[in-house]
Asker: 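First the structure, then my questions, so here it is.
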Amino acid sequence: MNKLLKTLPILLMIIPLLFLGACSSTSEDDTNKADVEDRTGATGQNGEAYEGQTGGYNGSAMGDGAAMNGQSYSGDPLSDPNSPLSVRTIYFDYDSSQISTEGQSALNAHAEFLSLNPEQVLTIEGHTDERGTREYNLSLGERRAQAVADFLMASGVPAQQMKVTSFGEEKPVALDHNESAWQLNRRVELIY
Amino acid sequence: MKLYSIKHLNTLILILTGLIILSSPAHAVLEVEIKGGFQSANPIAIVPFSWSQGSSSAKSSIDIARIIRSDLARSGLFSPLKLNQLPERPALGGNINFERWKNTDAEQLVIGNITPVGQNLYEVKFQMLDIFSRKEMAAYRYTVKQQQLRRVAHQISDKIYEKLTHTHGAFDTLIAYVVVNNSGSGKKRTYTLAVADSDGFDEQVILKSQQPIMSPSWSPNGKRLAYVSFEKGRSIIYLQELKTGQRKVLAEFKGLNSAPAFSPDGKRLALTLSKDGNSEIYIMYIASGVLQRITRHYSIDTEPSWSPDGRNLIFTSDRAGKPQIYQIAVNQQGKAGNPRRLTFEGNYNSNASYSPDGKFITLITRVQGRYRVAIIELANGYLQVLTQSRLDESPSYAPNGKMILYATELRGRGILEAVAVDGSNSPQRLRVLSGDVREPAWSPFRSR
Amino acid sequence: MFEWIKENSIAFSIAVILHLLFIGALLFNWEFDKPRQIVLKQGDIIQTTAVDANSFNSKIAEIEQQKKAQQQRKATAERKAREAKEKKRQEEKRKKAAKKQAAQKRKEQAARKKELQRKAAQLEEKKKQEKKRKEQKLKEEQRKQAEKKAAEQKRIKEARQKAEQEKRQAEEKKRRIAEQKRQAEADKKRQAELKRQQQREQAERERRSKGIVNKYVGLIAQKIERNWRRPPDTAHNLQCKIDIVLRSNGQVISAKIAESSGNASFDHSVETAVLRASPLPVPADSVIFKQFKEMRLRFEPGSY
């Protein structure tokens with residue numbers, strides 16, 4: 001119930017943006033688009049299935065608006081910055097692998113997506129901040145990634161659709177040595 | 001009458017003096033108590049080595065005396081005199097004005113000479129003299145190629161160290177470490193596994209990768225390195241021959257393959273695998289690949305390290321909520337006991353390893369939010385923090401147990417430092433290389 | 001009894017004579033038999049006692065004896081008449097004899113008296129002579145006494161003279177001894193004064209020497225302490241003793257570890273400290289220096 005309440009405003013925000021679908025697709029990073037296009041090509045069937053699923057998904061949540069969305073947006077939902085699937089990073093507290101409610105809502109979308117796209121494989125990468133020792137952090141990163149995988153599995157995603165890995169503190173996104181940088185580095189990245 | 005009395009007095013004095021003289025060797029030897037003194041590093045004069053016969057390309061590139069000075073200073077036990085403090089620069093075998101040397105702080109004097117003796121071949125000789133007793137304390141001769149001159153300097157440092165501290169020197173050793181270079185926009189990183197002399201010079205690249213490299217571990221014979229590389233997108237343990245560069249995968253199980261640690265006999269490797277769900281400690285027979293599972297707990301168990309006798313492993317586990325150090329007995333069949341917690345001070349203790357004599361462990365402990373190098377005396381459990389830095393990592397004992405090498409940061413950049421285990425000197429910074437230096441591992445003694 | 005008489009014959013004789021004289025003078029009718037009768041009676045009693053004892057043994061013949069006694073009594077009566085006649089005749093005979101005896105006795109007594117008188121005269125003469133002899137003897141004794149006295153006086157006089165001489169001599173000797181003693185005491189006093197002076201000087205010397213020794217011990221300790229650099233990695237509880245030999249200028253000739261600390265680096269630091277501090281400050285006084293020539297130094301970092 002809580003989950004639904006949290007998700008609702010996001011979805012409500014997304015609706016008006018969906019009308020600008022064509023615009024948003026052009027604004028994407030070129031390399032990313034290439035990567036995504038490659039992937040879309042390889043999974044053409046997936047794209048269709050997604051469309052249909054999206055319609056169903058939107059229908060259940062949004063009613064009429066969903067049908068309009070389905071018609072107006074023809075791209076890969078994974079490259080759609082307005083999709084809940086665009087949330088690819090789950091953040092954690094220090095020395096914790098507890099998934100926040102924000103993280104859970106994003107993961108719900110991914111679980112849905114993965115259930116509907118059984119050929120999609122998700123790589124779940126655990127990371128930590130620089131504090132503490134490297135090998136322990138490597139294991140801690142894995143524990144975070146595993147926590148995400150467990151959540152997705154509980155949401156119906158089969159294990160074979162997921163690859164869990166950890167980089168520990170080896171791949172920070174923020175290079176500073178302060179709390180704001182550490183917050184950004186304590187994360188699990190979802191990579192399709 | 002007066003004459004008589006004077007004579008008498010003289011006799012008396014003679015008798016008394018005789019008594020003093022007679023009695024003094026028996027019991028009345030004057031005993032003087034000397035208290036205090038001052039504790040400080042040994043001042044030693046290392047005179048720049050002289051070159052026989054003209055010029056050589058090596059002459060400008062290698063300064064043996066300087067390498068020795070830097071080695072000795074880094075140990076914390078010596079304070080070599082600066083060049084401008086040397087009253088003279090005697091030649092090997094030449095006259096030494098000891099009286100002038102006595103006016104310096106120096107207690108010993110090291111004089112050396114280098115002679116080219118053939119194609120790219122040099123003879124290095126040195127002599128150490130005690131300034132106060134004027135006795136020769138050491139004298140050695142080496143004949144080496146130019147590229148070995150630096151190593152000879154470290155070997156001379158070891159000789160001096162051994163003569164004056166009566167402990168095996170560890171200057172002629174290697175260190176392995178990882179350097180990260182952020183190139184260009186900062187998006188692309190280059191990870192380099194490198195090996196260098198104990199002073200950080202003569203760096204040799206072992207592996208370069210766009211993906212992280214972690215946890216180098218020396219084989220007991222010092223000829224191989226095991227490490228973790230993410231070059232395939234996840235952690236895999238490799239074993240590499242240093243001389244040939246040949247390498248092979250040791251562990252690429254599902255999940256993590258990390259934290260390799262050679263057993264003292266070199267036949268086994270302790271490692272962390274998560275193939276069975278989460279991080280657990282295993283032992284692998286290197287030749288056969290046979291695995292023995294050592295821990296079995298839903299918490300994180302990692303960073304194994306062997307006791308010098310090979311009978312115990314210590315490792316990090318957060319089975320009590322926060323990472324702490326545990327010890328477990330092992331034998332040829334694997335696990336031989338139950339984990340016993342070793343650390344109770346503080347709520348973050350990790351990455352422990354044994355001292356070469358097995359009496360201490362070094363580890364990282366969190367003190368007021370800062371991660372510092374500490375040692376624990378196993379006999380009594382006393383924890384002593386050795387550093388004052390913000391974020392230290394990967395403490396590694398020198399093979400003589402006298403220093404600990406570790407990674408720390410300087411203005412946001414990873415550097416290497418060494419600290420004396422008795423805390424007698426401030427941390428000594430190793431040569432600062434470009435890039436972020438991390439995960440140092442001190443090699444075993446080298447065969448000479 | 002007889003022995004006693006024998007032993008005291010003179011006294012006994014005198015007693016007997018005196019008795020006789022007494023008796024003769026006062027009792028002219030003395031019965032001389034009486035003592036003899038007494039003696040006899042005594043002998044009878046002894047006999048009777050013996051008969052009584054025998055009569056016990058002859059009890060059986062008692063009746064016969066009684067018969068015999070009857071006959072005897074008849075015979076006795078006859079015998080008694082006979083005996084009475086006899087007795088009367090005997091009595092007259094005895095009276096006649098007694099008369100004759102008495103006349104004889106008077107005659108004898110007169111003779112005895114004459115003899116006694118003669119004896120008394122004789123005794124008187126003897127006494128006279130004895131007296132004369134005694135007087136002579138006394139005279140002689142008095143003479144002898146006088147002579148003896150004179151000799152004694154002479155002797156005393158001589159003894160006194162001798163004593164006086166001896167006294168004089170003794171006094172002389174005493175005086176001499178006193179003189180000697182006085183001289184000896186003076187000497188002794190002088191000696192004592194000298195000794196005291198020497199002791200004062202010695203004490204002063206020792207005091208000064210002790211002060212100097214202490215001063216230089218302090219200076220030496222200070223100089224070595226300043227030069228004692230201990231290795232950084234050695235424990236604070238180490239201790240080491242070193243024996244050193246100095247030249248008179250304070251230069252350290254030798255420094256040998258006497259008791260090692262067990263830590264070679266520490267020991268070496270001690271040796272170096274001594275050599276580095278050389279020359280050590282030592283007293284210039286060669287006598288005092290002798291205490292410094294060989295020393296033992298005890299090194300300990302102490303607690304801090």
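What you see below is based on every heavy atom in this structure, not just the backbone, and it leaves out hydrogens, waters and symmetry mates. Numbers restart at 1 for each chain; the letters A, B, ... are given by sequence-line order, proteins then strands.
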Asker: I'd like to check B:Ser133 versus C:Leu275 (side-chain heavy atoms, cut-off strictly below 4.5 Å). Are they in contact?
Answerer: yes
Asker: Between C:Val270 and chain B, with a heavy-atom cut-off of 4.5 Å, which part of the residue counts as in contact: side chain, backbone, both or neither?
Answerer: neither
Asker: Keeping the roles fixed (side chain from C:Arg230, backbone from B:Gly36), state whether a donor-acceptor pair exists under 3.5 Å.
Answerer: yes
Asker: Let me confirm one number: the CD-CZ distance from B:Glu33 to C:Phe299, rounded to the nearest 0.5 Å.
Answerer: 11.0 Å
Asker: Please confirm whether the backbone N or O of C:Arg298 pairs with a side-chain atom of B:Glu31, one donor and one acceptor, at under 3.5 Å?
Answerer: no
Asker: With a sphere of 6.0 Å drawn around CZ of C:Arg160, does it hold more than 12 non-hydrogen atoms of other residues, nucleotides or ligands?
Answerer: no
Asker: Under a 3.5 Å distance rule, please check whether C:Arg276 uses its side chain to pair with a backbone N or O of B:Asp105 as donor and acceptor.
Answerer: yes
Asker: If you count heavy-atom pairs under 4.5 Å with chain B, which of C:Asp243, C:Ile224, C:Val274 comes out on top?
Answerer: C:Ile224
Asker: With a 4.5 Å limit on heavy-atom distance, are the side chains of B:Gln108 and C:His268 in contact?
Answerer: yes
Asker: Give, for atom CZ of C:Phe292 and atom CG of B:Leu30, the distance between the pair rounded to the nearest 0.5 Å.
Answerer: 5.5 Å
Asker: State whether the side chain of C:Arg229 and the backbone N or O of B:Ser40 hold a donor-acceptor pair below 3.5 Å, judged by distance alone.
Answerer: yes
Asker: Counting only heavy atoms not in B:Phe98, do more than 12 fall under 6.0 Å of its CZ?
Answerer: yes
Asker: Give a yes or no answer on whether the side chain of C:Thr272 reaches the backbone of B:Glu107 with a donor-acceptor pair at less than 3.5 Å.
Answerer: no
Asker: Is it the case that more than 12 heavy atoms not belonging to B:Arg429 sit under 6.0 Å from its CZ atom?
Answerer: no
Asker: Between NE2 of B:His166 and CZ of C:Phe266, what distance do you get to the nearest 0.5 Å?
Answerer: 13.0 Å
Asker: For a quick test of reading the model, state the closest non-hydrogen atom pair linking B:Val32 to C:Met295 and the distance between them.
Answerer: CG2-SD, 3.9 Å
Asker: Is it true that atom CG of B:Asn95 has more than 12 heavy atoms of other residues, nucleotides or ligands lying nearer than 6.0 Å?
Answerer: no
Asker: Which atoms of B:Asp422 are under 4.5 Å from chain C, going by heavy atoms: the side chain, the backbone, both sets, or neither?
Answerer: side chain
Asker: Hey, what do you get for CZ (B:Phe38) to CZ (C:Arg226), rounding to the nearest 0.5 Å?
Answerer: 10.5 Å
Asker: Pick one of side chain, backbone, both or neither for C:Lys241, based on which atoms fall under 4.5 Å of a heavy atom in chain B.
Answerer: side chain
Asker: Strictly distance-based, threshold 3.5 Å: is any side-chain N or O of B:Gln39 a donor or acceptor partner for the main-chain N or O of C:Pro232?
Answerer: yes
Asker: With a 4.5 angstrom heavy-atom cut-off, is it the side chain or the backbone of C:Asn227 that approaches chain B, or both, or neither?
Answerer: backbone
Asker: Out of C:Ala273, C:Ala264, C:Ser269, return the one with the most heavy atom pairs under 4.5 angstrom to chain B.
Answerer: C:Ala264
